Asker: 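After the structure tokens below, expect a handful of questions from me.
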Amino acid sequence: MTGFAITSPAIIRRFAFSAITLALLSGCSSTDHAVQPTETVTNESSVQVTLAQPPKAEQPLTLNQIMANPDWMGIFAQGAYWSDDSQAIYFSRQAHQAPTRDYYKQGIQQNTAEKLSLDQLHLADQKNAVLNLDKSKKAYIYQGNLFVKDLTTATIKQITKQNQAIDGVRFLSNGDIAYWQGNNIFRLHQSSGLIEQLASIQMANKPEQIQEPNTYLAKQQHRLINYVAMQHDNAKAKQEYTKQLAAVDPSFAAKTWYLGDSEVVSELSLSSDGQYALLALTDKNYSWRSEHDIMPNYLGKDGYVDAVPARARVAEDKFPGQRLVLLDLANHVKKDITIEGLTGFDEDVLASVKQENAAAKGEIYQSEKSPRLIQLMQDWGWSQSAIQWHPTENKLLVMIEAVDNKDRWIASVNLDKGTLITEHRLHDDAWVNYSYNQYGWLPNSDSFYFLSEQSGYSHLYLKQLGGETRALTEGEFVVDEVTLSPEGTHFVYRANPDHPGSFNIYRTEIATGKTEQLTNWFGMLSYELSPDGKSLLLNASSSIQPNELYVQPIGGEIKQLTDYTSNAFKEYAWQAPKVVAVPSNHGAGEVYARVYLPEGFDAEAADKYPAVIFNHGAGYLQNAHYGFSVYFREFMFHNMLTQRGYVVMDMDYRGSSGYGRDWRTAIYRNMGTPEVEDLKDGVAWMAKNVNVDAGKVGTYGGSYGGFLTFMALFNEPELFQAGAALRPVTDWAHYNAPYTSNILNTPDVDPIAYERSSPIEFAQGLEKPLLIMSGVLDDNVFFQDSVRLVQRLIELEKPMFETAIYPVEPHGFKQPSSWLDEYRRIYKLFEQELKK
């Protein structure tokens, strides 16, 4: 999009840590974050981490190989993006546990990449940039400073060179550049080079003007002491002179804004002509943590226990919401944005929940309307702002969500009145998704596009201000990663219409709605459209091939760019899991799952097979797909289990992503029950279809997967013969607010949901062997979760559990030795309990 703004992380965000919460809750063993060239590079060969001997093609796998430093698999490209001329790509690579990463540039016609040196990084084309209206220039922030690149000549000009970082930048509609540092907004006039301060925003009370004496003693002092009276008169005269001078002298900067000392600026956005600034303000006393929240580090560097700050629990996190303020910088007028224009702004959307909880206590709840708390939409994956100014006109859209998680609004702002006008309301009785929220203006029009799950699946819509909504895509599949073509005539996006577990790239013409499939990949992929709109950069994988980079001209053939997968990995005879649809006996239709079969599988063998079900993390995550799993260690572990006679299943139980709204919200207020029902159907399917002994099935998983392990063993004690819970949630009241309040509301409002969804409430049901494993430095699912459950099991006199702790590990383990110890214990448990 032209003329949009780049903004650094907000000063205070309720969801400051939420963008990574989903990944953390998954307990993923790998990450792939897009990283720009802003860090010091190092040669990966300088990082000395011992590698296990890779497996030989014809030899069985060992745990030492699987859980070793993963660099033997390859050091893969991350954060790939296009060069400005669409002829090359940039990406980074980072060895396991290396403190820094290396950056590369590779031409799309080349077979090898050039590693960038330190002195080249500031000249590298930057991904996170803004364009002027005719797309001849781009502005970007590198190492906190502002740069401008002329795209016709490829010349780069550094605008600032200072230690205080710039937070955001945008091109104004006349070609000038605006940028902001903290709460100060500046304008760089292209014609003269003058830097003008458009606004100085002070979160403080306005200084008092010189006052006339108003007490007896003060009046007496001024009447009797000429010197005091003279000083007072001189001060008033100087104040009036300065005021008059500022009003007529064009060299003065704009007046300071004093917005009070009770709030802080959470987000700031400037209009396309620089006249208006929209601010989101948050109570300054709100904190992402409470006074009680610490995480003890028992291996502090000085030999003592370090008290590490940690996030608040949902039971204590009382987010006050945000309020919006519009500043007219030209006329120095402040307008507080009222929320009455949001349809349903005062609805009691939790009335039925409150009534149920009140009835459980023998009370009666009387519903009343009241203004709801709101904030700017906090999508956990997007890079855009929830504030979208029209690129050429003073028109403004904002995407707002209710703090109660039940509504998302797209609203236009009446800049004259400071009011909101609802353009689109997405309501969900469960919760509005924290994904699929992309939206923005169409160029040269009063129309905008947006993603919405209103049909039950994320789809792409168009709407003119005040007009009707038109669907551009429809069907029982998911649309995401939307890109508007450079000429503004097409949308490019990712979707999975052929199978939930296989995504491809599509293009739809805006005028006609004509859709064409651009790629023909069988697996998982993400993409970036080239700046000239002619090619796709693909980051793609298949079930046994990790992600590599590919380029495909639109209408042309796909070409592989990178080949960082090691020969040892490529040459090993990995088993590709089969993706099957498990019929549900609980009204869920079909549950997709990956299935790994034992070597030499015999469907008629007299000795039935033992089996293991793996429960993926995050809850809202897709793993039963045709791409390479983020759980690469588990993928290899499952291959090893099949070599040793096990059937392995990996289910996308209800609550998983990729299957639409109703699948996601099936767990609302009842986490752990629908999912365990799906696991029961998985066991039944294996017994019927792949010769599994239903009396010899175990289960394991990390984070949300550990939570499911608990719920299965505690509530269905005959379903599994053993279970291992890694980094597990035991009590949702102790998890964070952004994730948990979506699904269970909050403990003070909906204790029923927490009590029927938290494993610690059902610990008395444990009858089969259980292994509990947690990292002491887990600041996502606290180690305390496991401590509390262990004490509960001790008091219940349950003898069939064991624990293992990992003193230096966070939520996603880092040390190969910890991974090895953890999975040795899991494997031993299954060998002991499932092969009796």
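If you're wondering where the values come from, they're calculated on a predicted model, not measured in any experiment. Quick note: residue numbers are just sequence positions, from 1.
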Asker: Ion pair present between E453 and R664, side-chain N to carboxylate O less than 4.0 angstrom?
Answerer: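 So E453 pairs with R664 through a salt bridge.
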Asker: Could you tell me which residues satisfy salt bridge (charged side-chain N to carboxylate O under 4.0 Å, His left out) with K688, sequence neighbours excluded, listed by chain and number?
Answerer: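 Per chain and number, K688 pairs via salt bridge (charged side-chain N to carboxylate O under 4.0 Å, His left out) with no residue.
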Asker: Side chains of Y596 and Q643: do they bring a donor and an acceptor to under 3.5 Å?
Answerer: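 No.
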Asker: With sequence neighbours excluded, tell me which residues meet ring pair (Phe, Tyr, Trp, His ring centres under 6.0 Å) with F601.
Answerer: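 By the ring pair (Phe, Tyr, Trp, His ring centres under 6.0 Å) rule, F601 matches Y609.
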Asker: Output all residues satisfying ring pair (Phe, Tyr, Trp, His ring centres under 6.0 Å) with Y592, sequence neighbours left out; order by chain, then residue number.
Answerer: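 Once residues adjacent in sequence are excluded, the partners of Y592 under the ring pair (Phe, Tyr, Trp, His ring centres under 6.0 Å) criterion are H499, Y659.
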Asker: Who are the ring pair (Phe, Tyr, Trp, His ring centres under 6.0 Å) partners of Y806, not counting sequence neighbours?
Answerer: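 Per chain and number, Y806 pairs via ring pair (Phe, Tyr, Trp, His ring centres under 6.0 Å) with F813.
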Asker: Do the charged groups of K828 and E802 touch, with an N to O distance under 4.0 Å?
Answerer: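 Looking at K828 and E802, the cut-off is not met.
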Asker: Without hydrogens or angle criteria, can the side chains of S758 and E761 be said to hold a donor-acceptor pair below 3.5 Å?
Answerer: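 No.
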Asker: Using the test salt bridge (charged side-chain N to carboxylate O under 4.0 Å, His left out), find all partners of E755 that sit at least two apart in sequence or belong to another chain.
Answerer: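 Testing E755 for salt bridge (charged side-chain N to carboxylate O under 4.0 Å, His left out), a comparison that skips the adjacent residues, returns none.
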Asker: Who are the side-chain contact (heavy atoms from CB on, under 4.5 Å) partners of A307, not counting sequence neighbours?
Answerer: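 Counting only residues at least two positions away or on another chain, A307 forms a side-chain contact (heavy atoms from CB on, under 4.5 Å) with I294.
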Asker: I need the F319 CZ to T746 OG1 distance, nearest 0.5 Å.
Answerer: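 Spacing of CZ (F319) from OG1 (T746) equals 14.0 Å.
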Asker: For T699, give me all partners under side-chain contact (heavy atoms from CB on, under 4.5 Å), at least two apart in sequence or on another chain.
Answerer: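 side-chain contact (heavy atoms from CB on, under 4.5 Å) list for T699, sorted by chain: I613, N615, T709, L713, F720.
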Asker: According to the interplanar angle, ranging from 0 to 90°, do the rings of Y700 and H638 count as parallel (below 30°), tilted (30 to 60°) or perpendicular (above 60°)?
Answerer: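 Because their plane-to-plane angle is over 60°, the rings of Y700 and H638 count as perpendicular.
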Asker: Flag the pair K768 and E718 as a salt bridge only when some basic side-chain nitrogen lies within less than 4.0 angstrom of an acidic carboxylate oxygen.
Answerer: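 Yes, this pair counts.
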Asker: So, using side-chain contact (heavy atoms from CB on, under 4.5 Å) as the criterion, who are the partners of Q791 when residues are at least two apart?
Answerer: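 Expected list: I794, E795.
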Asker: Pairing donors with acceptors under 3.5 angstrom, does anything connect the side chains of Y823 and E634?
Answerer: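 Result is yes, a qualifying pair exists.
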Asker: Please enumerate all residues that pass salt bridge (charged side-chain N to carboxylate O under 4.0 Å, His left out) together with E822, with sequence neighbours excluded.
Answerer: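 In terms of salt bridge (charged side-chain N to carboxylate O under 4.0 Å, His left out), with neighbours along the sequence ignored, E822 is linked to R727.
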Asker: Among residues at least two apart in sequence or on other chains, which ones pass side-chain contact (heavy atoms from CB on, under 4.5 Å) with N297?
Answerer: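 For N297, the residues satisfying side-chain contact (heavy atoms from CB on, under 4.5 Å) (neighbours in sequence not counted) are L299, D306, V308, L777.
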Asker: Do R311 and Y735 form a cation-pi contact, if we require the NZ or CZ to be under 6.0 Å from the six-membered ring centre and within 45 degrees of the ring's axis?
Answerer: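 Satisfied, under 6.0 Å and within 45°.
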Asker: With sequence neighbours excluded, tell me which residues meet salt bridge (charged side-chain N to carboxylate O under 4.0 Å, His left out) with K354.
Answerer: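 With sequence neighbours excluded, K354 shows a salt bridge (charged side-chain N to carboxylate O under 4.0 Å, His left out) to D348, given in chain and number order.
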Asker: Residues two or more places apart in sequence or in another chain: which of them pass ring pair (Phe, Tyr, Trp, His ring centres under 6.0 Å) with F783?
Answerer: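 So F783 forms no ring pair (Phe, Tyr, Trp, His ring centres under 6.0 Å) with any residue.
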